[in-house]
Amino acid sequence: MLSAAALADLQQLFAADALTVDAAECLVYGYDNSRRQAAPDAVVFPATHAQVVALVGVCRRHRLPLVARGRGTNTTGATVPVAGGVVASFERMNRLVRIDRDNRLAVVEPGLLNADLQAALAPHGLFWPPDPTSAPFCTIGGNLACNAGGPRAVKYGATRDNVLALRAVAGNGLDFRCGTPTTKGSTGYDLTRLLIGAEGTLAVITEATLKLSPLPSDKRTLRATYVDVGAAAAAVARIMAQPVTPCALEFLDDECLRLARAHGGEAVPLAGAMLVIEVDGEPDTLATASEAVARAARGDGLIDLAIAQDAAAVATLWAARKALSPALRTLSPNKINEDVVVPVSRVPELVAATRALASKYALPIVCFGHAGNGNLHVNLLPRDAAEHARAEHALDELFDAVIRLDGTLSGEHGIGLVKRDFMPRALDPNALALMRALKRDFDPDGILNPGKLLP
Ligand SMILES: Cc1cc2nc3c(=O)[nH]c(=O)nc-3n(C[C@H](O)[C@H](O)[C@H](O)COP(=O)(O)OP(=O)(O)OC[C@H]3O[C@@H](n4cnc5c(N)ncnc54)[C@H](O)[C@@H]3O)c2cc1C
């Protein structure tokens, strides 16, 4: 419950239509795609940097937890206000401040939707590489705080690789700018990269200067099917070992193909596994590039390799791939969607480990995702309470397997609430201690997104 004094301070700062303590409204801002929920005591809708500075001041004074929120699409409970307090929803702070074509950058407010940014950039012949499947309904602020990625990360990198500078307010009340609008910079510690992936636990981001890339003139999309997941996983390692870097290299196992076919129609083949491989560039380079990746894709266990002949065939492949995440919910409303990552050469071992766990725990487990980064969405699909209990054990062993393979817990979704307690397995104890020290410096009262990321 908010004290009368805290409520009065918030009312000083936010007009009546930018502050709510209504229980029903608060409830919907305490929910995210992890399907966990907790009610905040108030929700505010900041519109300016100055308002965020003042808001952090109020929260510090009253020791109120403060959770920044984009659109709540994260999968880890990162926006669930487990300690109550104030949720700051950035949905009204969503301006595209400017596009600077000469310097290939855009300045944006955190509440801007990823897809709205891409639509505004396209007429300038530019794009921002992070392309989460949730782009039409997730924000740049959420992308920054989770270090979001997507299929294009294999060539262009994830969020952390595509940001030049930030403006933010730390939990200790200090507001600051970090980074520069230049593509090189070697002036002190890299606070920009530190804040990216910090899940709103160190500072609240109020503005970002994003590094843009020129839109490639054309693309070629290839589809390769294999007798089994092992053969496809081995092809991934071969493709990534040759010089042409694809702009997407997605993997779908047999179960995913069956689902994708149900959603995408007969055009999706049935096989032991499939790779969707895309190359981009100038039109006269594409024949050579697609031949290079095709050569690497050929090998033991290949059933068929085809180049999509028209835009409709490409659209069908991607629509089927992108429908997978929601489609898996129909099989298992309580699915556990992990996004573990391993070195690319070890993808075959990761796939073998998930198969072994599925068999050991008699549990449906499917794999798909960004194989070119070694980043697979391993989905455990329990259908009843007994399977759910077994899934928890399987998950525990999956994380052990990933760490044995020199991988880590998350490639793009982040840690949030649900993976927090596994952090000591993934991190050197001294590295974890340094992270805790950083948290204390940035947020000495622990008001920013408490209970997340650090165990
Ligand atoms: C169908 C579906 C598909 C998805 N596909 C992908 C995918 O391909 N790749 C991928 O990476 N993710 C994917 N996601 C996950 C999710 O969309 C991303 O993590 C996204 O970046 C979250 O954005 P959001 O606006 O919803 O942020 P939220 O969920 O609201 O917040 C996420 C985190 O960001 C913090 N935050 C938000 N705004 C700020 C701010 N201004 N300052 C500081 N911290 C802030 C929050 O506190 C929280 O810790 C998918 C989700 C769904 C539902």
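Note that ligands are numbered from 1 as they come in the structure, with each ligand's atoms numbered from 1 the same way. None of the values given here were measured: they were computed from a predicted structure.
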As an exercise, identify every atom of ligand 1 less than 4.0 angstrom from a heavy atom of [X].
| X | result |
| --- | --- |
| Phe90 | 41 (N) |
| Ser134 | 2 (C), 3 (C), 4 (C), 5 (N), 13 (C), 14 (N), 16 (C), 17 (O), 50 (C), 51 (C), 52 (C) |
| Pro110 | 41 (N) |
| Gly200 | 43 (C), 44 (N) |
| Gly72 | 26 (O), 28 (P), 29 (O), 30 (O) |
| Asn449 | 47 (O), 49 (O) |
| Ala148 | 11 (O), 21 (O) |
| Arg71 | 24 (P), 25 (O), 26 (O), 27 (O), 30 (O) |

Taking all heavy atoms of His62 and all of Ser3, pick out the closest pair and write down the distance. ND1-OG, 4.3 Å
Is [X] touching ligand 1 with its side chain, its backbone, both, or neither, if touching means heavy atoms under 4.0 Å apart?
| X | result |
| --- | --- |
| Ala203 | backbone |
| His413 | side chain |
| Asn33 | side chain |
| Pro132 | both |

Heavy-atom nearest neighbour of atom 34 (O) of ligand 1 within options Ala145, Ala135, Gly111: Ala145
Salt bridge check: are Arg152 and Asp280 linked by an N-O gap of less than 4.0 Å? no
Roughly how far, to the nearest 0.5 Å, is CG of Leu363 from CZ of Arg383? 7.5 Å
Between Thr20 and Asp22, does the side-chain hydrogen bond (donor to acceptor under 3.5 Å, both in side chains) criterion hold? Intermediate values first, please. CA-CA 5 Å; Thr20 180; Asp22 176 82; 5.1 Å; no
Would Asp32 count as a contact of ligand 1 if the rule is a heavy atom under 4.0 Å away? no
Pair His370-Glu250, side-chain donor/acceptor within less than 3.5 Å: yes
Okay, side chain of Asn147, backbone of Arg160: is any donor-acceptor separation there less than 3.5 Å? yes
Side chains of Leu448 and Phe442: does their closest heavy-atom pair fall under 4.5 Å? no
How about Arg425: does its CZ atom have over 12 heavy atoms from other parts shown lying under 6.0 Å from it? yes
